[in-house]
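What follows is a set of notes on a single structure, which appears directly below.
A, B, ... follow the sequence lines: proteins, then strands. Residue 1 opens every chain.
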Amino acid sequence: MSWSVLKALRENPDVLRENLRKRFMPAELVDKALELDKKWREVVTELNQVREKRNKINRMIPRVSKEEREKLIKESKELARLEEELNRKARELSEERDRVLSSLPALLHESVPIGPDETYNKPIRFWGKPRVPKSKLESFLKETDGFKVEYELIDWEPRGHADQLEQVLKLGDTLRAAEISGRRFFYLYKDIVWLEQALIMLALDHLTKKGFVPVIPPYMMREKYYLGVVDLETFKDSIYKVEDEDLYLIATSEHPLIAMHAGDTFVEEELPRLYVGVSPCFRKEAGTHGKDTKGIFRVHQFTKVEQIVFSLPEESWKWHEELIKNAEEIYQMLEIPYRVVNIASGDLGAVAAKKYDLEAWFPAQGRYRELVSCSNCLDWQSYRLRIKVDRKGRREFVHTLNSTALATTRTITAILENFQREDGSVEIPKALRKYLEPFEAAPKDVIVPIKEKYVKT
RNA sequence: GCCGGGGUGCCCUAGCCAGGAAGGGGGCUGGCCUGGAGAGCCAGUGGCCCACACGGGCCGCGUGGGUUCAAAUCCCACCCCCGGCGCCA
């Protein structure tokens with residue numbers, strides 16, 4: 001049993017080189033890893049031989065005469081020095097090798113579009129009938145190029161979600177939040193709070209009906225486990241650390257949910273394991289200065305319902321399709337027009353072998369924007385966390401998959417734009433009403449502007 | 001946070017005081033036996049390296065150090081679990 005990437009390195013390095021080329025990463029990494037691996041194996045072989053010799057001597061010591069004993073102890077001590085030196089060398093080499101190895105990305109699926117950046121992402125299907133303001137028609141036609149997407153042309157301009165939330169409805173405040181906590185934080189009030197709760201319930205309801213087990217995970221985790229689920233770049237750019245503690249705030253419940261099975265060996269019948277995680281997500285959003293600066297589209301903290309699957313290796317591609325389908329069903333229930341995009345190789349993280357994004361139509365922006373990410377990580381995470389399946393004595397690493405079911409803030413922004421009426425009110429998607437019905441204070445059909453803001457900004 | 005007990009392979013457990021090649025049971029896999037099944041018996045059931053293979057070796061008893069020719073066993077630090085005390089929403 002070995003990691004598919006390590007196996008490829010030793011048996012078929014050209015496959016790995018090709019993989020790196022397709023991801024626009026330096027292919028020399030392969031040669032470096034190969035060389036380190038080769039050297040390490042040489043040193044380990046030699047080290048094992050020295051140890052064998054010394055072990056044999058040590059086992060003889062209690063069974064020989066006193067004079068003989070002195071001689072053997074001396075010999076053993078000499079070998080110990082040699083062993084220590086080889087051991088140090090082997091350790092250095094393996095650490096260096098593992099550093100290179102852990103920077104190697106998952107093997108791409110053949111259907112991943114090849115290209116250096118997101119402009120090569122490939123839309124694969126569209127759903128819904130978007131409302132398109134006249135001013136955004138050209139942009140819409142470009143975004144749907146090659147597909148026949150029915151749309152409704154409207155002759156008024158919906159407000160962007162940020163203005164709609166803060167200026168018109170007055171149900172959110174990012175200015176005061178910026179003062180209290182910093183940019184990319186928010187206060188949300190009243191109907192939006194109910195809306196968020198209803199969205200969580202809708203997603204939970206939908207997935208638990210399909211057998212996903214709901215989980216609330218720890219919101220912080222140790223570095224050791226974090227490095228089992230994300231690559232170093234992601235770690236540096238998106239994860240908050242707790243001062244003076246070996247703890248990091250989770251960027252998604254995917255991370256503690258995958259780590260939940262660290263070190264476990266499943267029996268075949270226990271797979272697949274399906275989970276739906278609910279948690280706040282904390283992200284530094286480093287390197288996104290200037291992007292989506294208004295409103296709550298890109299924020300440091302939001303709530304997300306997440307699908308997680310631990311699957312048999314041969315079933316992971318089936319589950320990948322299943323997860324994106326589940327997410328699509330949720331947005332169909334919410335009646336939010338969307339498209340599914342196959343993410344290009346250069347835009348794909350090291351952990352994923354293939355990724356679908358579900359992008360919702362935003363009428364005021366005239367663009368499709370990401371709401372959902374759905375990835376198959378193959379054995380990238382399970383190798384690091386030693387999550388295995390015992391198949392009648394033979395062991396393999398399981399495959400792990402993750403997909404957003406619903407991220408609350410982004411879905412709220414999509415509702416604010418797609419369900420906005422010309423008079424400034426926002427209709428509530430019908431599928432949410434049953435989750436609002438039991439509560440007296442909750443809105444039922446429509447969200448209307450309130451008279452006063454809660455803070456004097 | 002303090003005091004005490006503990007962590008052994010997929011699961012349970014012996015070994016620790018008194019250092020010298022990890023033993024038993026269960027489960028699972030394969031084989032023998034059987035008309036068939038069961039029982040019984042035999043073997044296998046952590047990771048790594050060398051080897052086409054047959055095999056051989058190394059590491060591994062929560063993690064990392066130390067003592068020693070030799071550590072599951074002795075010493076130190078840390079993590080986790082159980083019990084008690086303390087603190088607390």
Take atom P in rC48(B) and the same atom in rC81(B), then report the distance between them in whole Å. 29 Å

Answer yes or no: is there an ion pair linking D292(A) with R184(A), defined by an N-O contact shorter than 4.0 Å? no

Rounded distance in Å between the P positions of rA71(B) and rA21(B): 11 Å

Contact class for N58(A) (heavy atom, under 4.0 Å): base, sugar-phosphate, or nothing? base

Assess whether a salt bridge exists between R176(A) and E179(A), defined as any Lys/Arg side-chain N lying under 4.0 Å from an Asp/Glu carboxylate O. yes

Rounded to whole Å, the CZ-P distance (R386(A) to rG9(B)) equals 17 Å

d(CG, N55(A); P, rC69(B)) in whole Å: 15 Å

K318(A) atom NZ: more than 12 heavy-atom contacts under 6.0 Å: yes

Pair E42(A) + K39(A): basic N to acidic O under 4.0 Å: no

Heavy atoms only, 4.0 Å cut-off, all strands: where does R91(A) land among base, sugar-phosphate and nothing? sugar-phosphate

Rounded distance (Å) that lies between atom P of rC48(B) and atom CH2 of W3(A): 14 Å

Between rC50(B), rC69(B), rC79(B), which nucleotide has the shortest distance from any of its atoms to the side chain of I61(A)? rC69(B)

Looking only at atom P, what distance separates rU68(B) and rC85(B), rounded to whole Å? 44 Å

Between P449(A) and K170(A), is there a side-chain heavy-atom distance shorter than 4.5 Å? no

In whole angstrom, give me the gap between the C1' atoms of rA72(B) and rG19(B). 10 Å

Whole-Å distance between rG57(B) P and E42(A) CD? 22 Å

In plain terms, say whether R298(A) and E285(A) are close enough for a salt bridge, that is, a side-chain N and a carboxylate O under 4.0 Å apart. yes

Which nucleotide in the list rC10(B), rC49(B), rC69(B) gets nearest to the side chain of R395(A)? rC10(B)

Give the residues of residues 46-53 of chain A touching RNA chain B, defined as any heavy atom closer than 4.0 Å, sorted by residue number. N48(A), R51(A), E52(A)

Looking only at side-chain atoms of R41(A), point me to the closest of rC58(B), rC50(B), rG47(B). rC50(B)

Using whole Å, report how far CG of L6(A) lies from P of rG47(B). 14 Å

Atom P, compared across rU8(B) and rU63(B): separation rounded to whole Å: 10 Å

When you compare the side chain of E396(A) with that of R391(A), does any pair of heavy atoms fall below 4.5 Å? yes

Among rC69(B), rG47(B), rC80(B), the one nearest any side-chain atom of K388(A) is rG47(B)

Pairing string of RNA chain B (Watson-Crick or G-U wobble, both atom distances under 3.5 Å; | = paired to other strand) is ((((((((.[[[[.)....(..]]]]((((((.......))))))(((((....)))))..[[[[[..)....]]]]])))))))....

Counting only side-chain heavy atoms from C-beta out, which of rC10(B), rC50(B), rC69(B) sits nearest to T45(A)? rC50(B)

Please check if the number of heavy atoms outside K71(A) that lie under 6.0 Å from its NZ is greater than 12. no

Would you indicate what R69(A) reaches in the nucleic acid, counting non-hydrogen atoms under 4.0 angstrom: base, sugar-phosphate, or nothing? nothing

Given rA70(B), rC59(B), rG46(B), the nucleotide with the shortest approach to the side chain of R54(A): rA70(B)

Member of L195(A), I200(A), D205(A) meeting the side chain to side chain contact (heavy atoms under 4.5 Å, CB included) criterion with Y435(A): D205(A)

In whole angstrom, give the distance that lies between atom CD of E83(A) and atom P of rG57(B). 17 Å

Return the orientation label for the F310(A) and H261(A) ring planes: parallel under 30°, perpendicular over 60°, tilted otherwise. perpendicular

Span that lies between the P atom of rA43(B) and that of rG24(B), in whole angstrom: 10 Å

As a quick check of understanding, evaluate salt bridge (charged side-chain N to carboxylate O under 4.0 Å, His left out) for R369(A) and E417(A), giving each step before the final call. CA-CA 12 Å; R369(A) 304 294 315 269; E417(A) 292 200 12; over 6 Å; no

Is the shortest distance from a Lys or Arg side-chain nitrogen in E92(A) or K89(A) to a carboxylate oxygen in the other one below 4.0 Å? no

Closest-nucleotide 5' rank along RNA chain B - winner of V44(A) and A80(A): V44(A)

Which whole number of Å gives the distance between the P atom of rC33(B) and that of rU45(B)? 23 Å

Atom CD of E70(A) to atom P of rA70(B): distance rounded to whole Å? 14 Å

Side-chain contact check for W40(A): nearest option of rG20(B), rC48(B), rC80(B) is rC48(B)

Would you indicate what R97(A) reaches in the nucleic acid, counting non-hydrogen atoms under 4.0 angstrom: base, sugar-phosphate, or nothing? nothing

Using the P atom on both, measure rC88(B) against rG1(B) and round to a whole Å. 16 Å

Gap between atoms OH and C1', on Y225(A) and rU63(B) respectively (whole Å): 10 Å

